[in-house]
Protein chains: 2
Amino acid sequence: MKHTTIKDVAKRLNVSISSVSRAFNDKYDIKKETKELILKTAEEMGYHPNPIAQKLSQKKTFNIGIVVPEFVNEYYSEIIIGIQEVFISNGYQVLIMQSDEDAVQELANVKTLIHNMVDGLIIAPTVESNNMSFYLKQYQNGYPIVFMGRVEESLPASKVLFDNKKWSFFATEHLLRQQYTKIYHLSGYKNLSVSNDRIQGFLKAMDKHRIPKANYKVIEGGLQAKDGIAIIEDLIYNNDLPDAFFCFNDLVAFGVIKRLKSQGFRVPEDIAVMGFTETQMAELNTPQLSSVKQPTFEMGKKTADLLLQLIDKGPDQPETIILNGELNIRESSVNEKFADSSLLFQNK
Amino acid sequence: MKHTTIKDVAKRLNVSISSVSRAFNDKYDIKKETKELILKTAEEMGYHPNPIAQKLSQKKTFNIGIVVPEFVNEYYSEIIIGIQEVFISNGYQVLIMQSDEDAVQELANVKTLIHNMVDGLIIAPTVESNNMSFYLKQYQNGYPIVFMGRVEESLPASKVLFDNKKWSFFATEHLLRQQYTKIYHLSGYKNLSVSNDRIQGFLKAMDKHRIPKANYKVIEGGLQAKDGIAIIEDLIYNNDLPDAFFCFNDLVAFGVIKRLKSQGFRVPEDIAVMGFTETQMAELNTPQLSSVKQPTFEMGKKTADLLLQLIDKGPDQPETIILNGELNIRESSVNEKFADSSLLFQNK
DNA sequence: TACAATATCGGAAACGTTTCCGAAAATTTA
DNA sequence: TAAATTTTCGGAAACGTTTCCGATATTGTA
């Protein structure tokens, strides 16, 4: 319970406190033999420098903070794992907090972390985050912050994004090439930049392929399976079903598929479905779900690299990293009338 | 960037440092008006006590650590959310580390957290954890530690467990009452106490219903969908398929269902499947998966309560909390020959 | 051998708090 | 009004480090 301190080691060897300190951070002058002796006895005595005292003295905590909306879904969990890998191997501890998709909680989390003097912050803002001005102020004051995911590309700060527009375009185009001509996009909340990007990609594909406006639609909804179910029920009620659904994420897609099946529709024979942000359930589902895989692990690592650089070298020109994904076509979006159609579209 | 300190506030008001400190921790003598004045100007100056300095002075960090095997699956994520809720509302920060199912990494994590002087630890040991003696030593030295999940009931320390044996028994009995008579249990690694408990529950049900030994089997395997798939392939190869599978978890069950379906079997008409540790995908799957729901959120809260008590009141008699679950019967385990069979078994 | 240059080390301040101790001020009591 | 009590506060040590500064010991140079 009582930790042995630097003083204990110094006393034991009749050397000064500073010498022991020097032995541990070998950037100061110390004789090789003394250093080794000190390290050896310190080891024997079970001495470890007290991180709290080090932090106070060094004005550096070797802690960084992550604030994510949630980590029940695989998406953020995997990103966090990527972040941790980088920081832990650089001697940092990673504090994780979740805002539960609540902007108030998110701001509180960020403040808590700042008061705890984390050396840097990674923020994945929540849906309706109007806290950006506070974060930006901190950033402009020199506080190392890197943003992730749900932020505008125009944000004047370093950030790691997924190219939602491009991959939404690819996903939509895939559906079109499968000869599905009436396609509805179940979008996320429209105040999410991610949603808008995906809508734009969707519309761009429609535009390119000259699909008449009557044949496509963007429907705003939530991020859960139940939201997908609710929309399908609406559409069934209004007798307004398309050939294919392009969903905001896999969970919504699973909801859609479930509800369609319970209504007697076959997927993809009657109606095709695509997801986004691939989950491990995609290939376990019946039918296997086509989806866009995001490079979560890599996103985490890139974000961490950016922050580490910001911490070590100080503020610099904001850098924006935009990552690409992978289009994984599975059963749920393959039109049987085109035998080798799965080959029509190659990942890029 | 430069934080305002207690000195700045003291200087501004021409009071002593101790008075400012007293104003913030109102356990010492201070006149009401001075206190209010100090708090007001501190607020204006944007002063916040530096947690690092507080920790050094108080010998308390107000941090607790959690070490889990992983948090990609919902199980630990949800438990962590429960833990966080309790601790954050008590003014603690929660440091989360994951061992990635690796005992070496797990030990390193625990040591890191201890060196960082967390006030307490929650450990969910990994599969092949032979670190228990180290943890127990710390615990016996008075370090507040609470264990969770994968530990033996006999462990002489406070812990929160799920009653695996009982709910495995219930799940198995449900299958038996559905008139499935040849049932295989796909178990997790046998060196996991959790696996053994579930095996025992399974065997107990077999025993109670006097099922001949030839009609049931326990097959050891992994925790992933692919492990379920591999086992099914083996069984198909050996032409050794039962009426029903009782799987270690939902993921394995999803793998099993997928492989059975791809072989042309119908679930549950030909073969029934049960999962365990319910996931949100259970009711989205086709067929909907029967499973045992674990009270993850509550487990987190109970564990946190136990640790908080240990921190506040010091060592005491070890307490073991064993929680109950819920049997959620869905399509995958209902024998159609018994119309109202889903009512045969009620949760308890 | 004497001096300069360098390598090594101890002392002490600093980081920002809490908290003990005692002194001054305010209040109560006689 | 003086003494006794209680409130309120300032000073300073302590928490365990890092790091600057200067002192001493060692080595090299002429």
Side-chain angles (χ1 to χ4, degrees), chain A residues 1-39 41-43 45-63 91 93 112 114-119, chain B residues 1-39 41-43 45-63 91 93 112 114-119:
Chain A
M1 216 36 194
K2 56 169 199 312
H3 293 248
T4 56
T5 78
I6 200 172
K7 283 181 191 168
D8 302 324
V9 180
K11 204 166 287 167
R12 168 83 80 97
L13 287 172
N14 267 327
V15 296
S16 70
I17 290 176
S18 20
S19 291
V20 180
S21 176
R22 274 186 275 256
F24 273 87
N25 327 286
D26 46 25
K27 44 184 169 175
Y28 292 98
D29 316 322
I30 190 168
K31 194 162 39 167
K32 205 170 160 225
E33 295 89 50
T34 5
K35 177 181 162 182
E36 281 163 2
L37 180 65
I38 289 173
L39 289 182
T41 44
E43 170 75 35
M45 296 174 72
Y47 166 74
H48 292 278
N50 178 332
I52 308 286
Q54 283 180 318
K55 286 166 190 174
L56 184 61
S57 181
Q58 294 180 144
K59 309 265 257 164
K60 192 167 155 89
T61 63
F62 280 100
N63 282 164
Q93 289 300 312
T112 303
I114 289 179
H115 295 158
N116 268 280
M117 306 191 77
V118 291
D119 296 337
Chain B
M1 215 37 194
K2 56 170 200 310
H3 294 246
T4 56
T5 78
I6 201 172
K7 283 180 191 168
D8 302 324
V9 180
K11 204 165 288 168
R12 168 84 81 96
L13 287 173
N14 268 327
V15 296
S16 71
I17 291 175
S18 22
S19 291
V20 180
S21 176
R22 273 187 276 255
F24 273 87
N25 326 284
D26 46 25
K27 45 183 170 175
Y28 291 99
D29 316 322
I30 190 167
K31 191 158 47 164
K32 203 168 163 231
E33 295 89 49
T34 8
K35 177 181 161 183
E36 280 163 1
L37 179 65
I38 289 174
L39 288 182
T41 45
E43 169 75 35
M45 296 174 71
Y47 166 74
H48 291 277
N50 178 332
I52 308 286
Q54 283 181 318
K55 287 165 189 174
L56 183 61
S57 181
Q58 294 180 144
K59 310 265 259 162
K60 192 168 154 85
T61 63
F62 280 101
N63 283 164
Q93 290 299 312
T112 302
I114 289 179
H115 295 159
N116 269 279
M117 306 190 77
V118 291
D119 295 337

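What you are looking at is a predicted structure, and each value in this text was computed from that prediction instead of being measured. Computed from heavy atoms alone, side chains included, the values below leave out hydrogens, waters and symmetry copies.
- The NE2-P distance, from A:H3 to D:dT17, rounds to 10 Å in whole Å.
- Between the CZ atom of B:R22 and the P atom of C:dT17 there is a distance of 15 Å, given to the nearest Å.
- Atom NZ in A:K59 sits about 7 Å away from atom P in C:dC15, given to the nearest Å.
- Counting heavy atoms from C-beta outward, B:H3 and B:N50 have side chains that stay 4.5 Å or more apart.
- The side chain to side chain contact (heavy atoms under 4.5 Å, CB included) check on A:N116 picks up A:T112, B:P51, B:K55, B:Q93, with sequence neighbours excluded.
- The nearest heavy atom of DNA chain D to B:S16 and to A:P49 marks one nucleotide each, and the one closer to the 5' end goes with B:S16.
- Among the protein residues, A:F24 comes within range of no part of the nucleic acid, since none of its heavy atoms lies under 4.0 Å from any strand.
- Rounding to whole angstrom units, CG of residue A:D29 and P of D:dG22 are separated by 16 Å.
- A rotation axis mapping the C1' atoms of four pairs onto the next four is fitted at both ends of the helix from C:dT1-D:dA30 to C:dA30-D:dT1 over five pairs, and the angle between these axes is 50° to 10 degrees.
- Between B:Q54 and C:dG16, a side-chain N or O to OP1/OP2 separation shorter than 4.0 Å is absent.
- Under 4.0 angstrom from either OP1 or OP2 of C:dT19 there lies no side-chain N or O belonging to B:N25.
- Of all the residues in residues 5-15 of chain B, B:N14, B:V15 reach under 4.0 Å from DNA chain D with at least one non-hydrogen atom.
- Sequence order on DNA chain D of the closest nucleotides to B:K35 and A:N50 puts B:K35 first from the 5' end.
- Per the geometry, CD1 belonging to B:I38 stands 13 Å off P belonging to D:dT8, to the nearest Å.
- Interatomic distance, A:K31 NZ to A:L37 CG, rounded to the nearest 0.5 Å: 10.5 Å.
- A 4.5 Å side-chain heavy-atom check between A:I38 and A:L13 finds at least one atom pair inside the cut-off.
- Residues satisfying the side chain to side chain contact (heavy atoms under 4.5 Å, CB included) test with A:E43, not counting sequence neighbours, are none.
- With hydrogens and angles disregarded, no donor-acceptor distance shorter than 3.5 Å links the side chain of A:N25 to the backbone of A:R22.
- Taking only side-chain nitrogens and oxygens, A:S21 comes nearer than 4.0 Å to OP1 or OP2 of D:dT18.
- Separating the NZ atom of B:K60 from the C1' atom of C:dT19 is a distance of 17 Å, rounded to the nearest angstrom.
- Per the geometry, CD1 belonging to A:I17 stands 16 Å off P belonging to C:dC9, to the nearest Å.
- Proximity of B:S18 to the phosphate of C:dT18: no side-chain N or O atom is located under 4.0 Å from OP1 or OP2.
- Distance A:L56 CG to C:dA14 P: 14 Å, rounded to the nearest Å.
- Checked against side chain to side chain contact (heavy atoms under 4.5 Å, CB included), B:H115 has the following partners two or more places apart in sequence or in another chain: A:H48, B:K111.
- With hydrogens and angles left out, the side chain of A:S19 and the base of C:dG10 share no donor-acceptor pair within 3.5 Å.
- In terms of the side chain to side chain contact (heavy atoms under 4.5 Å, CB included) criterion, residue partners of A:I6 (sequence neighbours excluded) are, by chain and number, A:I17, A:V20, A:S21, A:Y47.
- In terms of heavy atoms, A:T4 sits closest to A:G46 at OG1-O, 3.6 Å.
- A:D119 places no side-chain N or O within donor-acceptor distance of the main-chain N or O of A:K60, the cut-off being under 3.5 Å.
- Contact annotation: A:S57 does not reach the phosphate of C:dC15 (side-chain N/O to OP1 or OP2, under 4.0 Å).
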